[in-house]
2 protein chains.
Amino acid sequence: MRNLLKGKGYKATPARIEILDILNKSKKPLNAELVYQKIKNKNINKTTVYRTLSSLSESEILKIVDLHKDSVFFELQNKHHHHIICTDCDLVEDIENIEVEKVLSKIKISSSKFKNIKEHSLEFFGICKECS
Amino acid sequence: MRNLLKGKGYKATPARIEILDILNKSKKPLNAELVYQKIKNKNINKTTVYRTLSSLSESEILKIVDLHKDSVFFELQNKHHHHIICTDCDLVEDIENIEVEKVLSKIKISSSKFKNIKEHSLEFFGICKECS
DNA sequence: ATACTAGTTGCAAATCATTTGCATTTATGA
DNA sequence: TCATAAATGCAAATGATTTGCAACTAGTAT
C-alpha cells in the first residue's frame, strides 16, 4: 500500500494505508461510513475518510461503484470487476466474465467525441433467489 | 404518456405528464433540479419532482443513470442506452452498440445467486476531445 | 539526525440534495 | 356527481458530503 500511494505521488499516511487495507480486505465495495466503522485507529476522523476516498479515486487507485444507494461506494481499482446487486436485500455478487471485458474494450475506440476513455462502470440489478 | 402511466397503475396527473414529456424530449439524462427548471407549470413543486422521479423509477418507466455526479440522474426506460461522460465538462454522448447488448443479455443467465436480473447500468468515463 | 515545507488532518460549522409529516387537493372508478 | 385512495404543496428535518482554518506530519534537503 505504501508503494501504491507513493507511486501516485501521495504521502503514505497511516490513514491512507489503513483505508486502503480495509478496501483491500473487503469483498464488497464500501462507502465512507462503512470504511469509518472498520477503522481501528480511532484518531482517524471521518472527514479524513471522505477526503481519502475522494482523492484516491481521482487517481487510478480507487474506483467509484454505483450501487443505486444514497451514498457513494468505492473499491480498489485493481480489484475492478462488475456486480449484481439485489435491490431488496443489497446482496452484492461479483461477476467474472471475460467476454464482457472483450466487448467493453472494443467500444473504447468507437467514440467520435472522445479521444480516450479512462474507465467504465457496469452493474446489474435484480432480486436474488433468497428474496424472491 | 397518459397511457404509459395508466398502464403501470399510476394516476395520470399533470405533474407526471409534464415530467415525462420533459424527459422524453431531453437528449441527456436529467436530475430533479434540471427537470424542475424545465417545468413551465409553476404550480408544480420541487418535492413533487423528486417524488415523481423516485416513484416512476421503481416501476420500469424511468431508469437511474449513474453519471458520477452528486445528484441522481434519470432517463426514460424506453430510451435506455449507455453513455460516455466527460469527467471534465460533463458532456454526455450516447453509445449505440449492438454487440454490447448481446453480451449483456447473455450474462443475465449466468448468476448462481440471482434468479432474474431486471436491469443493468453501463457508463463510460473519459476526457472528451474538446477538453483534452 | 534536524529542520523545512507542502501536503494532510481534525474539528466544527456549513451545504445541499433528498426526504418526511401532515393537511389539502385531485384523478378515477362506481 | 360522489367517495376514496393516491398525489401534492409547504415547511421543516435529515443525512451524506464538503469546507475553512489552524495544527500536524511525511518526505526531502541540509
Side-chain angles (χ1 to χ4, degrees), chain A residues 1-23 29-59 61-74 87 90, chain B residues 1-23 29-59 61-74 87 90:
Chain A
M1 290 306 160
R2 298 189 73 82
N3 297 332
L4 180 59
L5 286 166
K6 292 195 176 180
K8 299 283 185 181
Y10 292 99
K11 286 185 181 176
T13 66
R16 286 173 178 162
I17 293 168
E18 184 162 2
I19 290 168
L20 286 182
D21 278 340
I22 288 168
L23 286 165
L30 302 174
N31 63 12
E33 179 62 34
L34 289 168
V35 169
Y36 183 65
Q37 288 169 11
K38 291 175 188 286
I39 288 181
K40 293 178 181 167
N41 178 349
K42 281 312 172 195
N43 293 322
I44 296 175
N45 193 277
K46 196 189 279 187
T47 299
T48 299
V49 176
Y50 275 101
R51 277 195 276 230
T52 300
L53 293 175
S54 170
S55 102
L56 298 189
S57 62
E58 281 172 8
S59 68
I61 295 180
L62 297 183
K63 188 174 182 314
I64 293 173
V65 181
D66 172 37
L67 302 182
H68 286 190
K69 305 263 189 71
D70 50 355
S71 61
V72 185
F73 285 70
F74 300 83
T87 54
D90 292 342
Chain B
M1 290 305 160
R2 298 189 72 83
N3 298 332
L4 180 59
L5 287 165
K6 293 196 175 178
K8 299 282 184 182
Y10 292 98
K11 287 186 180 175
T13 67
R16 286 171 176 163
I17 294 167
E18 183 163 1
I19 290 169
L20 286 182
D21 278 340
I22 287 168
L23 285 165
L30 301 174
N31 64 12
E33 178 62 35
L34 289 168
V35 169
Y36 182 66
Q37 287 170 11
K38 291 174 187 289
I39 288 179
K40 292 178 182 166
N41 177 348
K42 281 311 169 195
N43 294 323
I44 296 175
N45 192 279
K46 196 189 280 188
T47 298
T48 299
V49 176
Y50 275 102
R51 278 195 276 231
T52 299
L53 294 175
S54 169
S55 104
L56 298 189
S57 61
E58 279 171 11
S59 67
I61 295 180
L62 296 184
K63 186 174 184 312
I64 293 174
V65 182
D66 171 37
L67 301 183
H68 286 190
K69 305 262 188 76
D70 50 356
S71 61
V72 184
F73 285 71
F74 300 84
T87 52
D90 293 339

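As the structure is a prediction and not an experimental result, all values here were calculated from the model. Chain letters run A, B, ... following the sequence lines, proteins first, then strands; residues in each count from 1.
- Taking side-chain N and O atoms only, B:T13 has a distance below 4.0 Å to OP1 or OP2 of D:dT8.
- Judged purely by atom type and a 3.5 angstrom limit, B:T52 uses its side chain to pair as donor or acceptor with the backbone of B:T48.
- A salt bridge links A:K46 with A:E33: at least one charged nitrogen is closer than 4.0 Å to a carboxylate oxygen.
- DNA chain D lies under 4.0 Å from at least one heavy atom of each of the following residues of residues 33-43 of chain B: B:N43.
- Contacts of B:R51 with the nucleic acid, taken as non-hydrogen atoms under 4.0 Å apart, include base atoms.
- Backbone-only engagement by B:S71 is indicated by non-hydrogen atom pairs under 4.0 Å involving sugar-phosphate atoms exclusively.
- Side-chain N/O atoms of A:N45 include none lying less than 4.0 angstrom from OP1 or OP2 on C:dT9.
- Legend: side chain to side chain donor-acceptor pair (under 3.5 Å) pairs involving residues 62-73 of chain B, not counting sequence neighbours, sorted by first then second residue: B:N31-B:S71, B:D66-B:H68.
- For B:K46 and A:Y10, each mapped to the nucleotide of DNA chain C holding its nearest heavy atom, the one lying further toward the 5' end belongs to A:Y10.
- Remark: the backbone N or O of A:I39 is not paired with any side-chain donor or acceptor of A:E18 at under 3.5 angstrom.
- Contacts of B:K6 with the nucleic acid, taken as non-hydrogen atoms under 4.0 Å apart, involve only primed sugar atoms and P, OP1 or OP2.
- The side chain of A:K11 sits closest to D:dG27 out of D:dT8, D:dG9, D:dG27.
- Of the side-chain N and O atoms in A:Y50, one or more sit less than 4.0 angstrom from OP1 or OP2 of D:dT17.
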message = Would B:F74 and B:I64 count as a side-chain contact (heavy atoms from CB on, under 4.5 Å) here? Give the steps.
response = CA-CA 5 Å; B:F74 300 84; B:I64 293 174; 3.8 Å; yes
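- At least one donor-acceptor pair under 3.5 Å links the side chain of B:Y10 to the backbone N or O of B:S55.
- Between C:dT19, C:dT18, D:dT8, one nucleotide has an atom nearer to the side chain of B:A32 than all others, and that is C:dT18.
- Each of B:T52 and A:N31 was matched to the nucleotide of DNA chain D holding its nearest heavy atom; the match closer to the 5' end belongs to B:T52.
- Taking for each of B:R2 and B:D70 the nucleotide of DNA chain C with the nearest heavy atom, the 5'-most of the two is the partner of B:D70.
- For the pair B:L5 and B:K11, the tightest heavy-atom approach, listed with the atom from each and the gap, is CD1-O, 4.3 Å.
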